[in-house]
There are 2 protein chains.
Amino acid sequence: MDSGAGRRAEPTMRDVAALARVSAKTVSRVINEQPGVGPEAIERVRAAARTLGYRPNLTASSLRRSDKRSATIGVLFEDLSNPFDSALLRAVEDRARQSGVLVLAGSSEDDPTLQRELLASLASRRVDGMVVMAVGGHQDALQQERERGTPMVLVDRPPTFGETDSVTTTNRESAREAVMQLAELGHRDIAFLGDRQTLWTSHERYTGYLEGLAHSGLKLRKDLVCTDLKGPDVAEQATEVLLDLPEPPTALFTAQNLVTVGAMRALRSRRLHHRIAQIGFDDFPLADMLEPGITVVRQDVPGLGRKAADLIFARIENEHLPPVHAVIPATLIRRGSGEIPPAT
Amino acid sequence: MDSGAGRRAEPTMRDVAALARVSAKTVSRVINEQPGVGPEAIERVRAAARTLGYRPNLTASSLRRSDKRSATIGVLFEDLSNPFDSALLRAVEDRARQSGVLVLAGSSEDDPTLQRELLASLASRRVDGMVVMAVGGHQDALQQERERGTPMVLVDRPPTFGETDSVTTTNRESAREAVMQLAELGHRDIAFLGDRQTLWTSHERYTGYLEGLAHSGLKLRKDLVCTDLKGPDVAEQATEVLLDLPEPPTALFTAQNLVTVGAMRALRSRRLHHRIAQIGFDDFPLADMLEPGITVVRQDVPGLGRKAADLIFARIENEHLPPVHAVIPATLIRRGSGEIPPAT
DNA sequence: GCGCACTACGTCAACGTTGACTCAGGAGGA
DNA sequence: TCCTCCTGAGTCAACGTTGACGTAGTGCGC
């Protein structure tokens, strides 16, 4: 093992060239499988590279190449430890690997400052493109980056500016569908519990809720609407409040993952989970193992990721394609909690 | 918006220098906050950089710098969409961000070939260090990489070769503790269900199981040991087989996440989940919301990640530190399923 | 008034690679 | 025989940045 010498110097093309008794350029040709090299020279170079353990320096290569490609893309999501985000990352990674591209990943924590810094950080490393889950609020930093010509795809939330690809879910339509299913079962007092309204997805799902009520001929009860619930604890408390109303809801539409969990806790602690219906937006592991199983709107997360990756690579290949706004359908998964009729 | 011109050329130091009427070197000094530049020159450079939207090219910088640092580390885990892996990634990312370092992430899928390719891919990008979850089997590729002098930290599984840092969990000790708790409740027929035995963690947990039995004065029943269960479905079937034995187990120790879930399914489908005790290794979301709550050994995943990141940065700073093998304690979380006494 | 230290720059080359170009030698045609 | 074309190389410079070194100008002590 390395005893005292510190990090070894990596062999360069010149080292390989010297050993193979050719010029560096010939080594470059062999490495990049370009024509114009005789078979025995190729063999000598290959052998020399092998004995030296040569590995091309992509840094230098990307600096010099005319296309400036770094074979690296940036992924900027809200929180990489969130299952939704990490499933998305994995899907992007799988697609990227097919093109020999690696992924630089970062969490923006829904913080505009952090997003801006990470964006600059990615730009400094000259990534070929970026897949971004935009933070709520204004998207100035993203727009600026895009206007510099950086290939960019937004996932989960669409751009508020032009000429940029995006991939989203049928938030509104699926929320509407969920609410209509509850209404068809006879529910008339359906509560809405949602995440921060600055998030486009939250707002869309709320709109879908309103549409679902309208389509079913139900009136909106504003006292049954709770938004801006950050995290399961806040959602749990909000649910408690709803349940304490003189006319409590008979069904809950929980428009986000963590909100769903918070509401579930509240129902359980009052032993109402078999009496009050609940449909959540976003599937989660073990939702089928609870009692009752939790009915959810499931997003096609791998589908979202694949599409986002396809779009970013297409965009990298050809800057002049018209922008695409892909919408991936979500599915209602009936497991029991969403099929509870109202108590008579 | 960019109409037809393709990707804009990024401004360089020379562009900034020309606008600020200084040399490129002075721009470099200002950007890197090195001394030797007068206040008004600094201001001119800053202003020029701002108007041009200049962003340093880290690629070129890393090529030229004497330390060759790329301010990027590689993370090579088994499956980034796995909650354990993604929580680990997030912890590493947070620590890296403090040092202005970005993370190149990849999934090795426990495939030696893929791991080797990704390793080479990271090396080609000249990452400053790597945090690796080694695939099962031989670690030749990792050892070679390490012997070239690449700073490396192994997580979750220790190296089979020398001079390399690692961070692991108290797999054996915590497994032993779990089994001893079951024994203290009076269980004498405790089954072991585990993942692939080529994985070091699986083997350690199995050893802990054996130690737990021995410490409690229990004899090993080999018919109650199921290993190499890949995924929840296989685990579910294995559990069914155990339950069909003439003398079925009264308690299960499920030594991995997905195995735990599979066993839970089997118990539930037979309505035995309130009668047969179960302790799982690895916590998972909603484990507390099931009935009964699932008792688990919880690894300190953020702790593991933080430690791994600390070690890799220390190693990058100083190649000559003695290798560290950190062990992060896991905790038994009692939720009910592990506290069920044997049926009399 | 001279030397010396110090500050605030500038010049040059090089990091490892590749695009553009050159060149020697042999094949093939007029 | 001479000229052209093709193949298999090599040479050179440049990508954007920074380390090493050079230098003009100022201040200060003696």
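When reading the values below, keep in mind they use all heavy atoms of this one structure, side chains included, and skip hydrogens, waters and symmetry mates. Chain identifiers are assigned alphabetically (A, B, ...) following the order of the sequence lines, protein sequences preceding nucleic acid strands; residue numbering begins at 1 within each chain. Keep in mind that this is a model prediction, so the values were computed, not measured.
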Pairs in or reaching into residues 303-313 of chain B: which pass side-chain hydrogen bond (donor to acceptor under 3.5 Å, both in side chains), with residues at least two apart or in two chains?
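Applying side-chain hydrogen bond (donor to acceptor under 3.5 Å, both in side chains) to every pair that reaches into residues 303-313 of chain B, excluding sequence neighbours, yields B:Arg95-B:Asp310.
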For [X], answer base if it contacts any base atom (sugar-phosphate contacts may also be present), sugar-phosphate if it contacts only those atoms, and nothing otherwise; contact means non-hydrogen atoms under 4.0 Å.
{"X": "B:Gly36", "result": "base"}
{"X": "A:Thr12", "result": "sugar-phosphate"}
{"X": "B:Val22", "result": "sugar-phosphate"}
{"X": "B:Pro56", "result": "sugar-phosphate"}
{"X": "A:Thr26", "result": "sugar-phosphate"}

May I ask you to decide whether [X] forms a salt bridge with [Y], counting only side-chain N to carboxylate O separations under 4.0 Å?
{"X": "B:Arg55", "Y": "A:Glu145", "answer": "yes"}
{"X": "B:Arg97", "Y": "A:Glu109", "answer": "yes"}
{"X": "B:Lys68", "Y": "A:Glu10", "answer": "no"}

Students should find this one: the first and last nucleotides of DNA chain D, 5' to 3', lying under 4.0 Å from a heavy atom of chain B. What are they?
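So the outermost contacting nucleotides come out as D:dC15 to D:dA20.
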Between the CZ atom in B:Arg90 and the CG atom in A:Asp85, the distance rounded to the nearest 0.5 Å is 9.0 Å
Closest-nucleotide ordering on DNA chain C, the 5'-leading residue of B:Arg44 and A:Asn57:
B:Arg44
Closer to the 5' end of DNA chain C via nearest nucleotide, is it B:Lys68 or B:Arg29?
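Residue closer to the 5' terminus by nearest nucleotide: B:Arg29.
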Modelled atom types, side-chain donor and acceptor of A:Ser107 and A:Glu78, under 3.5 Å
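No - no donor-acceptor pair under 3.5 Å links their side chains.
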